Structures are given as structure tokens and as C-alpha cells.
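To start, the structure under review is shown below, and the notes come after it.
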Amino acid sequence: MDPAAPALAETDIAARLYLAIGRLSRSLRRSGGAGIGHGSLSALSTLVHAGEQRLGDLAAKEGVAAPTMSRVVAGLVEAGYVLREPDPADRRAWLVRATEDGERVVSGVRSSRVQDLGRRLDRLGEDERALLMAAIPVLETLLPE
């Protein structure tokens, strides 16, 4: 057996998994959209799940520059999904948090996407579903902490 063969197989696994997860993720993002963009929905989801935080911290969590996050948050504020208030500990900074409407949007989108994924899973045979179920804990170990 060629010593390079296992490395190639590992590369194939990584490439195929990357492609499959990316395509599935993009496909699910298109379902159940709330009329706001992916970046805005991601920031709103972070606020819903992590709670109130400084604008700069939210930008860091989302991996975008502070001016970009300021524009995203401005759109979310205008839509009524986020409240922005001065940070009482530092008047130069802003605190942002999701409103009840924002929480409903995130919950609704998640529900729609889970239902869409459920319909796709229904098309699988029992053996395929069992394989997928067994793979979930393995995939979860690949997530960042």
C-alpha cells in the first residue's frame, strides 16, 4: 500500500465533509428566512443566546470589524429586533440586546430550518438514519469549545 494513500483518503474525507456541510448549511439558511440577511441573523442569534453585550464584543464574536457590526446592529434596531443603549460603565461603548421580537425571529427561523431538515431526514432509510445518528457525537467533538 502506498504510504501517501492514507493521507489522500484523510484529505478526501475532509474535503467531502467540508463540501457536504457547507452545502447543507447554505441550503438550510435559504429555508425559513426571516427577511434579514445571514450576518444580521447570526448577530441576532448571538444576542439571543449569549445575552446583552458590548457592540465591540459582539463584533469580535461574529468575526467582523466594529464598523460593520455597527451597521448590522443599526439595521436590527430599525427593524425592532435589537435595543442599543450606552454602557453605564463606559459611556463611549454601547450595549446591545435582543428584543422580544428579535427572540421570536430567531426562534421562528430555527424552527423552520429544523422542520426543513426533518423533512430531508424523513427521506433516508433506517440504516442511513442510524449511521447519521451515530455520527452526531463525532461531529459534535469537532465543534469549537
Side-chain angles (χ1 to χ4, degrees), residues 6-145:
L8 181 58
E10 291 294 321
T11 302
D12 281 348
I13 291 169
R16 288 183 67 191
L17 187 59
Y18 175 80
L19 188 61
I21 290 172
R23 285 180 174 168
L24 179 59
S25 178
R26 281 189 302 277
S27 176
L28 290 171
R29 278 196 310 256
R30 286 190 293 268
S31 69
I36 61 175
H38 172 67
S40 295
L41 185 60
S42 179
L44 182 57
S45 294
T46 297
L47 290 172
V48 167
H49 297 293
E52 178 180 77
Q53 53 197 284
R54 285 182 169 195
L55 191 60
D57 293 337
L58 179 60
K61 283 183 181 171
E62 292 295 307
V64 299
T68 300
M69 186 52 64
S70 290
R71 286 190 297 277
V72 167
V73 167
L76 292 170
V77 167
E78 187 175 317
Y81 300 145
V82 168
L83 290 177
R84 181 175 63 179
E85 301 166 336
D87 184 343
D90 180 356
R91 293 285 180 188
R92 297 169 297 168
W94 291 94
L95 289 174
V96 290
R97 65 181 168 87
T99 64
E100 287 183 18
D101 283 345
E103 291 174 5
R104 277 193 288 277
V105 165
V106 170
S107 177
V109 168
R110 183 176 190 272
S111 177
S112 293
R113 290 176 181 177
V114 167
Q115 288 175 5
D116 184 12
L117 184 56
R119 286 188 294 274
R120 294 171 193 218
L121 293 173
D122 288 343
R123 298 189 312 234
L124 300 177
E126 278 187 50
D127 291 345
E128 291 173 313
R129 288 177 68 89
L131 282 171
L132 190 55
M133 286 295 295
I136 291 171
V138 176
L139 291 171
E140 290 171 338
T141 64
L142 300 176
L143 296 172
E145 293 182 27

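Just so we're clear, the structure is a prediction, and the values are computed from it rather than from any experiment. Positions are given from 1, in the same order as the sequence printed here. What you see below is based on every heavy atom in this structure, not just the backbone, and it leaves out hydrogens, waters and symmetry mates.
Expressed to the nearest 0.5 Å, how far OG of Ser112 lies from CG of Leu28 amounts to 11.0 Å. Note that OG1 of Thr141 and CG of Leu139 are 7.5 Å apart. Values are rounded to the nearest 0.5 Å. Atoms CZ and CH2, from Arg54 and Trp94 in turn, are 13.0 Å apart once rounded to the nearest 0.5 Å.
Residues Thr99 and Gly80 share a closest heavy-atom pair of OG1-O, 2.6 Å. Shown here for Gly102 and Leu44, the closest heavy-atom pair between the two residues is O-CD2, 3.7 Å. For the residue pair Ala98 and Val48, the shortest heavy atom distance occurs at CB-CG2, 3.7 Å. A pairwise comparison of heavy atoms in Ala50 and Lys61 identifies CB-NZ, 3.9 Å as the closest pair. Closest non-hydrogen pair, Val96 versus Leu55, comes out as CG1-CD1, 4.2 Å.
Checking side-chain atoms of Ser45 against main-chain N and O of Leu41 turns up a donor-acceptor pair under 3.5 Å.
When each of Leu83, Leu58, Asp87 is paired with Leu95, the side-chain contact (heavy atoms from CB on, under 4.5 Å) condition holds for Asp87 and for no other.
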Show which side-chain atoms of residues 117-125 pair as donor or acceptor with protein atoms under 3.5 Å away, not counting sequence neighbours.
unit_1: Arg120; atom_1: NE; unit_2: Asp116; atom_2: OD1; d: 3.2
unit_1: Arg120; atom_1: NH1; unit_2: Ser27; atom_2: OG; d: 2.9
unit_1: Arg120; atom_1: NH2; unit_2: Ser27; atom_2: OG; d: 2.6
unit_1: Arg120; atom_1: NH2; unit_2: Asp116; atom_2: OD2; d: 3.2

Just distance, no hydrogens or angles: give the donor-acceptor pairs under 3.5 Å from side chains in residues 69-77, sequence neighbours left out.
unit_1: Ser70; atom_1: OG; unit_2: Ala66; atom_2: O; d: 3.2
unit_1: Arg71; atom_1: NH2; unit_2: Thr68; atom_2: OG1; d: 3.4

- Task: Show your working on side-chain contact (heavy atoms from CB on, under 4.5 Å) between Leu132 and Glu128 and close with a plain yes or no.
- Result: CA-CA 6 Å; Leu132 190 55; Glu128 291 173 313; over 6 Å; no

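With contacts defined as side-chain heavy-atom distances shorter than 4.5 Å, the pair Arg110/Arg113 does not qualify.
Surrounding CD of Glu126 are at most 12 heavy atoms belonging to other residues, nucleotides or ligands under 6.0 Å away.
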